[in-house]
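Residue numbers start at 1 and run along the sequence shown. For ligands, and for the atoms within them, numbers begin at 1 and follow the listed sequence. Just so it is clear, the structure is predicted and the values come from calculations on it, not from any experiment.
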Amino acid sequence: MLVHIGKIVNKRIIGKYAIPAFNTQDLEMTQGIVRAAEKQKAPVIIQTSVGALEYAGMEELVSIIKIEARKARVPIALHQDHCHDFNLIKKLINLGYSSVMIDASHLTYKENVKLTRVVVSYAHKRGVWVQAELGRILGNEDWQKVKSGKDLMTDPDEAARFVSETRIDTLAVAVGSMHGIPVNPKTKKVLTTLKEHIDLERLQAIRRKVKIPLVLHGASGVPDQQIRFAVRTGVAIFNIDTDLRVAFNRALRENLKKHLSIYDPRKILAPATDALQDEAEKKIKILKASNKGRRPD
Ligand code: G3H
Ligand code: ZN
């Protein structure tokens, strides 16, 4: 069932289990995520990036997600990921999103607060949650910066101030994770070790100061034991995109290599959707969200 994010993310889950926020771009990814949630009887967030809305069409993708979520036997919330554009946020709120991320982390602290407060005021009047980001969660193209990027990370005291000045509902924290898979552009070597340095003390310090649910972005590629620690430390939402894409992509290529003569997209895509479902189920289990998808209270 399609539910408000507040039905599945709340203080009761903090430290016990966490909710995966899976990115989707199309029908197959959406169905793979929903099947995983149903198989694991888990609540999940399905989220869209601006790029996914542009790729699939906003109304088309949102309709697919809403229909799949409404049919699902577990609670599913719809969230907009990383958005810099207040006008687009207004459109998405009117389309039924129960949570939106205004990502103004590239601005100065003051400008971030200013824009975030405008979005919070509009969203809260409509019962919609707002996520904002403090510190910089970089992309794999910034992997060198991440190596030394202490100053890019979220400062616990500033985080407490930011939350009270903006009245946001969830906070995306920069504690060393990064989007995507860090690859050295020269050697093309995957730098997974870079994703192994979540600053867990910093996360604990933020948790002590910030009482709203924390969100860890860039969770793909972060070692399971760090994810589990972050769940215990009180991260309530884990954003996962790349690991689903990699699972989908690997299965698709294997399928095409094995079956050179197939040409029916349904036969080409089905094994990839299954692989994505398996990966999403793995993530659900690591977050201890299995069997937490009872009817929302
Ligand atoms: O906003 C989306 C997530 O932060 C995706 O990160 O691709 O590393 O899983 P990921
Ligand atoms: Zn992100």
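Here NE2 of His82 is found 11.5 Å from OG1 of Thr48. Values are rounded to the nearest 0.5 Å.
Annotation for ligand 1: atoms under 4.0 Å from non-hydrogen atoms of Gly180 are 7 (O), 8 (O), 10 (P). In summary, the atoms of ligand 1 found under 4.0 Å from a heavy atom of His217, numbered by their order in the structure, are 1 (O), 4 (O). Listed by atom number, the atoms of ligand 1 under 4.0 Å from Ile240 heavy atoms are 9 (O). The contact set between ligand 1 and Asn23, taken as ligand atoms under 4.0 Å from a residue heavy atom, comprises 2 (C). Listed by number with element, the atoms of ligand 1 under 4.0 Å from a non-hydrogen atom of Thr242 are 7 (O), 8 (O), 9 (O), 10 (P). Every atom of ligand 1 is numbered from 1 in the order shown, and the set under 4.0 Å from a heavy atom of Asp241 is 5 (C), 7 (O), 9 (O), 10 (P).
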| said: Determine whether Asp274 and Arg35 satisfy the following criterion, side chain to side chain contact (heavy atoms under 4.5 Å, CB included), listing intermediate values before the conclusion. | reply: CA-CA 9 Å; Asp274 294 345; Arg35 288 173 196 159; 4.3 Å; yes
- Item | Steps toward salt bridge (charged side-chain N to carboxylate O under 4.0 Å, His left out) verdict (Glu165, Arg161) | CA-CA 6 Å; Glu165 288 178 357; Arg161 199 174 122 220; 3.3 Å; yes
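Checked by atom type and distance alone, the side chain of Lys288 never pairs as donor or acceptor with a backbone atom of Ile284 at under 3.5 Å. Judged by distance alone, the side chain of Ser98 and the main-chain N or O of Ile5 form a donor-acceptor pair under 3.5 Å.
Contacts between Asn239 and ligand 1 below 4.0 angstrom, taking non-hydrogen atoms only, involve backbone and side chain alike. If you look at Asp243 next to ligand 1, there are no close heavy atoms at all, none under 4.0 Å. Heavy atoms of His82 found under 4.0 angstrom from ligand 1 belong exclusively to the side chain.
Considering Thr242, Asn249, Asp241 as possible partners of Arg245, the one that fulfils the side-chain hydrogen bond (donor to acceptor under 3.5 Å, both in side chains) test is Asp241.
Pairs passing the salt bridge (Lys or Arg N to Asp or Glu O under 4.0 Å) check and including a residue from residues 106-115, sequence neighbours excluded, do not occur. Contacts classified as ring pair (Phe, Tyr, Trp, His ring centres under 6.0 Å) and involving residues 219-249 (residues at least two apart or in different chains) are not found.
When all heavy atoms of Ala174 and Thr154 are compared, the pair lying nearest together is N-OG1, 2.7 Å.
The salt bridge (charged side-chain N to carboxylate O under 4.0 Å, His left out) check on Lys285 picks up nothing, with sequence neighbours excluded.
Neighbours of the Zn ion (ligand 2) restricted to protein N, O or S atoms under 2.8 Å: the count is 3.
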